[in-house]
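To start, the structure itself, in structure tokens.
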Amino acid sequence: MTPDFIGNWVRTCYSADITPAMDGKEVTLFGWVKEIRDLGGIRFIILQDREGTIQITVPRKKVSAEVLSKSNSLQKRYSVGVKGVVKKTDMSPRGVEVIPNEIKVLNTAAAQLPIDITGKTPANIEARLDARALDLCQEQSIAVFKIQHVALDAIRSFLFERGFLEVHTPRIIASATEGGAALFTVDYFGEKAYLAQSPQLYKEQLVMSLEKVFEVGPFFRAEASHTRRHLSEFISVDIEQAFADAEDVMALLEQVIQHACKTVKEKCTKELTILKHKVEVPEVPFKRLTYDSVLDDLKKEGVEVPWGEDIPTEAFRTLGKLHPYFYFITDWPTESKAFYIKPRDDKPELCEGFDLMWRWIEIVSGGTRIAEKDLLIRRLKEKGLNPESFKHHLQAFDYGMPPHAGWAIGLERLTMILTGRRNIREVTLYPRDRTRLTP
RNA sequence: GCCCAGGUAGUAUAGUCCGGUCUAGUAUAAGCGGCUGUCGCCCGCUAGACCCGGGUUCAAAUCCCGGCCUGGGCGCCA
């Protein structure tokens, strides 16, 4: 079939914009055939676009031969344009339908689709990701990414209003930022380079000049994780603030999270309905649990964690049952956190690092950073890292590094919470994990 | 890196434990035909699958071994 030309057609509205009040008005719609229900003398075509669906009703005896033959040639996923008249009716779900005057087939599609787009036979995550471009056409997928967009937009506006500047630090770096986590290597004109696992060191340097910065971008970790909450490439929402400590940025963070939840709840009612999910707006301040109190609570639940060690996932799952929403864990042992987290002045074995938890999942980590060069060098050594490979970072500390603090939100993990999805790959357009590099 | 589970039509599944009426069932999708108010439309017909290789056996989707692939858990972390 030869596709029609789009010509001078211009979309007048999205499917979702059509209301019974528009009865009799002519509209031009673009979209895709989602479903066809042909009853013989009357045919219903469900046209889908980004904003939803609308029923195109084709009564055989009341439309032109041209429209009848075009509508007859349609199949699922055909890309089409429809010019027609809105008709108010109590016989369609939204109280409206469109009677077509002209139909353009802009492109065809394979008859047998790799996944069911009507949702009658839902595909597994593997089949969905293999056919991701098509999978993303499903209204649930669209809802997920609209919610992510709204949440990120809310976070950005919130930070803009509080004087944060958006920055972009390098993805290609010469040495590890944190040690530990594995890095992807890159051939940089014959020199060995790495993909950044975090903007940590750069954003810290920027507080000397721009004072309050944030960055939204992808970062890379070459950990061979096999879980529902890890990706090799993930989006981090990072902030760093001069003349601030952990308490300051925690207060900012809980407001950011609250604002994102509130905005999504208000603006995404349609998407949340599609996903059958409810977003609860958390009250601030969030609960603040110290590492020591967490260990005590776990002990009461019969879970022993030796002091000084990181809390294992199983223990976090227990903790998540005790605290079923957002909560902070503070006062971690200095040794359990990264080298740049500031030890407490009064108790150096504890530090000013914190995690923001949601049930059993860590979604944010942050803290007061070390601003004093000698202490930073000592901490590097204690962590088994070579200060020499951090010399370019360390030099910044010779020029008036202010006290500062910051955090990093895992955007996909936040999106999981806001959308109720249980697999991080569902909330990632094209996820990269241990075994998936395509599509 | 370690551990567990699993690969049956386009998709999702039953059957596998305990080998044989499995000539592999069902739903949905697809193709053809029918139907003027569907909204998971309905009805009839058609076509469509046991991951690969080896072994055991009279007989393997089913049991054993190896491989490949996938999902999940742990560790690590966002």
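A quick note: this is a predicted structure, and the numbers were derived from the prediction, not measured. All chains are named by letter (A, B, ...) in the order of the sequence lines, taking the proteins before the strands, and each is independently numbered beginning at 1.
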- Message: At 4.0 Å (heavy atoms only), tell me whether A:Pro114 reaches a base, stays on the sugar-phosphate, or touches nothing.
- Response: sugar-phosphate
Need one value for A:Asp355: base, sugar-phosphate or nothing, where a base atom within 4.0 Å counts as base even if backbone is also close, heavy atoms only. nothing
All stems that RNA chain B takes part in, i.e. 3 or more consecutive Watson-Crick or G-U pairs with distances under 3.5 Å, are B:1-7 with B:68-74, B:10-13 with B:25-28, B:30-34 with B:42-46, B:51-55 with B:63-67
Less than 3.5 Å between a donor and an acceptor, one on the side chain of A:His226 and one on the base of B:C74, is that the case here?
no
- prompt: Between A:Lys83 and A:Glu26, does at least one N-O distance fall below 4.0 Å, as a salt bridge requires?
  reply: no
Rounded to whole Å, the CD1-C1' distance (A:Ile239 to B:A78) equals 15 Å
Output yes when at least one side-chain N/O atom of A:Arg229 is less than 4.0 Å from OP1 or OP2 of B:A78, else no.
no
Does A:Ala224 reach a base, just sugar-phosphate, or nothing at all? Heavy atoms under 4.0 Å.
base
Stacked cation flag A:Lys383 on A:Phe339, 6.0 angstrom / 45 deg: no
Exactly one candidate in A:Glu352, A:Lys342, A:His404 meets side-chain hydrogen bond (donor to acceptor under 3.5 Å, both in side chains) with A:Thr368; the answer is A:Glu352
query: How far does the P atom of B:U16 sit from the matching atom of B:C64, given to the nearest Å?
result: 14 Å
* Interatomic distance at P, B:G6 relative to B:G15, whole Å -> 13 Å
With rounding to the closest Å, how many angstrom separate the C1' atoms on B:U26 and B:G48? 14 Å
*Quick one: do A:Arg171 and A:Glu215 make a salt bridge, cutoff under 4.0 Å?*
yes
From CZ of A:Phe220 across to P of B:C76 the rounded distance in Å is 24 Å
List, with names and distances, any nitrogen or oxygen atoms from the protein found under 3.5 Å away from nitrogen or oxygen atoms belonging to nucleotides 40-46 of chain B.
from, atom 1, to, atom 2, distance (Å)
B:G40, N2, A:Lys120, O, 3.0
B:C41, OP1, A:Glu35, OE2, 2.7
B:C41, OP1, A:Lys120, NZ, 2.9
B:C41, OP2, A:Glu35, OE2, 2.7
B:C41, OP2, A:Arg37, NH1, 2.3
B:C41, N4, A:Asp38, O, 2.7

Here the distance between atom P of B:C35 and atom NZ of A:Lys61, to the nearest Å, is 10 Å
Between B:C17 and B:C65, how far apart are the two P atoms, rounded to whole Å? 15 Å
- May I ask you to say what A:Arg317 touches in the nucleic acid, namely base, sugar-phosphate or nothing, with a heavy-atom cut-off under 4.0 Å? sugar-phosphate
Close side-chain approach of A:Asn386 to A:Leu380, heavy-atom, < 4.5 Å: no
When rounded to whole Å, the CD to P distance for the pair A:Glu126 and B:U13 reads 11 Å
If you compare every side-chain N and O of A:Asn423 against the phosphate oxygens of B:G72 (OP1, OP2), does one of them come in below 4.0 Å? yes
Return yes if the base of B:G73 and the side-chain atoms of A:Thr313 contain a donor-acceptor N/O pair under 3.5 Å, otherwise no.
no
Check this for me: does any side-chain nitrogen of one of A:Arg425 and A:Glu126 sit under 4.0 Å from a carboxylate oxygen of the other?
no
For B:C39, does either OP1 or OP2 sit under 4.0 Å from a side-chain N or O belonging to A:Lys34?
-> no
Spacing of the P atoms in B:A30 and B:A5 (rounded, Å):
38 Å
- Within the structure shown, what part of the strands sits under 4.0 Å from A:Ile46 by heavy-atom distance: base, sugar-phosphate, or nothing? nothing
Atom CD of A:Gln200 and atom C1' of B:C77 are separated, to the nearest Å, by 14 Å
Should the pair A:Lys120-A:Glu35 be classified as a salt bridge under the 4.0 Å nitrogen-to-oxygen rule? yes
d(A:Glu362 CD, A:Leu356 CG) to nearest 0.5 Å is 9.0 Å
Interatomic distance, CZ@A:Arg60 vs CG@A:Asn72, rounded to 0.5 Å, equals 8.0 Å
query = Quantified in whole Å, what is the C1' atom distance between nucleotide B:A12 and nucleotide B:G53?
reply = 28 Å
Contacts of A:Gln75 and A:Gln55 projected onto RNA chain B by closest heavy atom; the upstream (5') one is A:Gln75
Could you tell me whether A:Glu254 and A:Lys287 have a side-chain N and a carboxylate O separated by less than 4.0 Å?
-> no
Can you check the distance between B:C51 and B:G10, where both ends of the measurement are the P atom (answer in whole Å)?
12 Å
With a centroid cutoff of 5.5 Å and a plane-angle limit of 30°, would you call A:Phe234 stacked on B:A78? yes
Taken to the nearest whole Å, CH2/A:Trp407 to P/B:A78 is 14 Å
Under 4.0 Å between a side-chain N or O of A:Asn124 and OP1 or OP2 of B:U13? yes
(Q) Take a 6.0 Å sphere around CZ of A:Arg11 and say whether it holds more than 12 heavy atoms from other residues, nucleotides or ligands. (A) yes
Carboxylate-amine/guanidinium contact A:Arg369 A:Glu240, below 4.0 Å | yes
Whole-Å distance, A:Arg228 CZ to B:G71 P, equals 13 Å
Phosphate contact (B:G71 OP1 or OP2) by A:Arg434 side-chain N/O below 4.0 Å = no
### Task
Scan A:Ser92 against the nucleic acid and name what it touches under 4.0 Å (heavy atoms): base, sugar-phosphate only, or nothing.
base
Whole-Å distance, A:Lys62 NZ to B:U36 P, equals 13 Å
| said: Say we look at B:C58 and B:C3: how far apart would their P atoms be, to the nearest angstrom? | reply: 37 Å
